[in-house]
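See structure below.
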Amino acid sequence: MSTPDHLLAVEEHIDQWRSYLRRRQAIQPVDVAELEDHLREQITTLSAAGLAPDEAFLVAVKRIGSLDALSREFAREHSERLWKQLVVSAPETGEAVSRVRTDAIVAFALAIVAAALVKLPALFGIHLDPDQELPAFYFRNASLFVFPPLTGYFVWKRGTSPTRGLWLALPFITAAFVVNLFPFHNANHFADFPRGSDTQILAALHLPIALWLAVGLAYAARRWSQVAGRMDFIRFTGELAIYYVLIAMGGGVLSAFMALIFQSIGINIMPFFATWLLPCGAAGAVLVASWLVEAKQSVIENMAPVLTRLFTPLFTAVLVAFLVAMLWTGRGVDVAREVLIAFDLLLVVVLGLHLYSISARDPRAPVDVFDMLQVALVVSALAADAVALWAIAARISELGFTPNRVAALGENAILLVNLAWSARLYVRVLRGRGAFDRVEKWQTDYLPVYAVWAAIVVIVFPPMFGFL
């Protein structure tokens, strides 16, 4: 006898509730099981009183309390447990201990693989020499040293089928052939931006964006088709950036002490640092940071929303001041390449703040002052993007098309569409005429657009502009 659809829907809701609860480090598996028992009792009681199953679930969750409130309560009652979990995992069963150990071993083994991939080109005569210019090969292939092992880690961790794993490998194989077989002008050396091939630089800068979508597909696995799955990947990306910066800062301090103490005995370790420690460590740290995010998600999730709330008003003030200064002085945006890159990076950071504030917000929470600040941030970024887009279009009409101008035009147009629709949806939320879920859905649905555009820049631009 098959289970009714409404009961299956409730079980799916309970599964999702349980998975979110398990991500709170203050709450142990035994606690989750106890809370789930209470939840099911509440649902049964409410259903017997005449509520529909979906309604009974929502009311029961509300009675038990929000996940953040539960986390705070358990953290207060078990503070010693939480502090231990900041450093070590505390699984209660032998199976859990084995799983945690295996996960760490796999992650660190793949970190070594990523580090080895960085040194692999040396076997073919492509060396990292601190006394010579950085070979363009490393610049073009930087993401290919790191992202395949990272994707493999999530394929293993999520239990992805071999067939799907092979499909996920296809983008990396294609990218490796494209960026290394294209006859870029001055393809052997990178040097600085004014020299060499513009399309090579654009391909190297956009390839990580295109391939990050493949990492996301591996991370979310079967949940990629769901808004929650894609939003989890956004959270992971932000948390990974925080952990990676922390590791990099620690690595910088370690390297400085190494140089100092070895110098005291007359040994110069800078060649080792430049050719081994820095490149291999930078690659392996991505895997280590990813493992830390997976193991300690709830701890860093409390940090990222704080950073978002701290920097959102600051970036809003900067953009508003920029727009006021531009109107006051009557000066337009300089469309030099370095300026455009810096300007687009600023808009990307703003978009990242907006995305992370969305991912950290409870969709059921009432509108507050921070939501209004978010709208101000998005609208000011939208205005700044429109100004930059106008300047780029004017420069193209005056001097013609170049790879950099067309790439900047496309990227600013994509950002403009995203910001404009985000502003519209958020304003509707403020006015009580729209659900916050639609803002989440729009942002997560828009993620592939960036990857597709980046792929176009990598694959189409070089032959279209003669590999110059």
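Keep in mind that this is a model prediction, so the values were computed, not measured.
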Handout entry: I242 vs L246, side chain to side chain contact (heavy atoms under 4.5 Å, CB included): CA-CA, chis, key distance, verdict
Key = CA-CA 6 Å; I242 293 172; L246 293 175; 4.2 Å; yes
Practice task
Decide side chain to side chain contact (heavy atoms under 4.5 Å, CB included) for T199 and L468; before the verdict, give the C-alpha distance in whole Å, the side-chain angles of both, and the deciding distance to 0.1 Å.
Solution key: CA-CA 6 Å; T199 55; L468 296 174; 5.6 Å; no
Practice task
Any chance you could lay out the side chain to side chain contact (heavy atoms under 4.5 Å, CB included) test for F436 and I358, step after step, and finish with the verdict?
Solution key: CA-CA 9 Å; F436 189 79; I358 290 173; 3.9 Å; yes
Problem - Intermediate values then yes/no, ring-ring contact (aromatic ring centres under 6.0 Å, His included), W328 and F322 - result: CA-CA 10 Å; W328 184 266; F322 164 75; over 10 Å; no
Exercise for the section: Walk me through it: do W156 and T151 pass the test side chain to side chain contact (heavy atoms under 4.5 Å, CB included)? Expected result: CA-CA 9 Å; W156 170 81; T151 302; over 6 Å; no
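Going from atom CG of L430 over to atom CG of L425 covers 11.5 Å, rounded to the nearest 0.5 Å. In this structure, the separation between OG1 on T160 and CG on L217 is 10.0 Å, given to the nearest 0.5 Å. L447 contributes atom CG, which lies 7.0 Å from atom CG of L355 (distance to the nearest 0.5 angstrom). With rounding to the nearest 0.5 angstrom, the CG atom of L278 is 13.5 Å from the CH2 atom of W276. To the nearest 0.5 Å, atoms CZ (F154) and CG (L110) are separated by 10.5 Å. Annotation: the span from M270 atom CE to Q263 atom CD amounts to 10.0 Å, rounded to 0.5 Å.
Side-chain rings of Y219 and W224 stay apart, their centers remaining 6.0 Å or farther from each other. In summary, the aromatic rings of F147 and F172 are positioned with their centroids too far apart to meet the 6.0 Å limit.
Residue pairs meeting the side chain to side chain donor-acceptor pair (under 3.5 Å) criterion with at least one member in residues 406-415, sequence neighbours excluded, are H206-E411, D344-N412.
Between L166 and T163 there is no side-chain heavy-atom pair separated by less than 4.5 Å. Using a 4.5 Å heavy-atom threshold, the side chains of P121 and F145 count as touching. No side-chain heavy atom of F465 sits under 4.5 Å from any side-chain heavy atom of D198.
Between F184 and A203, the shortest heavy-atom distance links the atoms CZ-CB, 4.2 Å. For the pair A214 and L168, the tightest heavy-atom approach, listed with the atom from each and the gap, is O-CD2, 3.9 Å. The two atoms that bring L347 and A381 nearest to each other are CD2-O, 3.8 Å, heavy atoms only. When every heavy atom of A210 is checked against every heavy atom of A455, the shortest pair comes out as CB-N, 3.8 Å. Across all non-hydrogen atoms, the minimal contact from A220 to G229 is CB-O, 3.9 Å. The shortest non-hydrogen separation linking A176 to N180 is O-ND2, 2.7 Å.
In this view, F273 satisfies the ring pair (Phe, Tyr, Trp, His ring centres under 6.0 Å) rule with no residue, not counting sequence neighbours. By the ring pair (Phe, Tyr, Trp, His ring centres under 6.0 Å) test, F401 pairs with no residue at all, sequence neighbours left out.
The closest side-chain donor-acceptor pair between E239 and Y244, if any, does not fall under 3.5 angstrom. A donor-acceptor contact closer than 3.5 angstrom is absent between the side chains of S143 and W212.
Figure legend: cation-pi geometry between R164 and W167 absent, as NZ or CZ is not positioned both under 6.0 Å from the six-membered ring centre and within 45° of its axis.
Shown here is F262, whose CZ atom has no more than 12 heavy atoms of other residues, nucleotides or ligands within 6.0 Å.
No donor-acceptor distance shorter than 3.5 angstrom exists from the side chain of R433 to the backbone of R428, with no hydrogens or angles considered. The main-chain N or O of D371 is found under 3.5 Å from a side-chain atom of D368 such that the two form a donor-acceptor pair. Judged purely by atom type and a 3.5 angstrom limit, Y446 has no side-chain atom pairing as donor or acceptor with the backbone of K441. Without hydrogens or angle criteria, R140 side chain to V179 main chain gives a donor-acceptor distance under 3.5 Å. For the pair R158 (side chain) and A221 (backbone), a donor-acceptor distance under 3.5 Å is absent. A donor-acceptor pair under 3.5 Å is absent between the side-chain atoms of K119 and the main chain of H127, judged by distance alone. Within the 3.5 Å criterion, the main-chain N or O of L416 finds a donor-acceptor partner in the side chain of D385.
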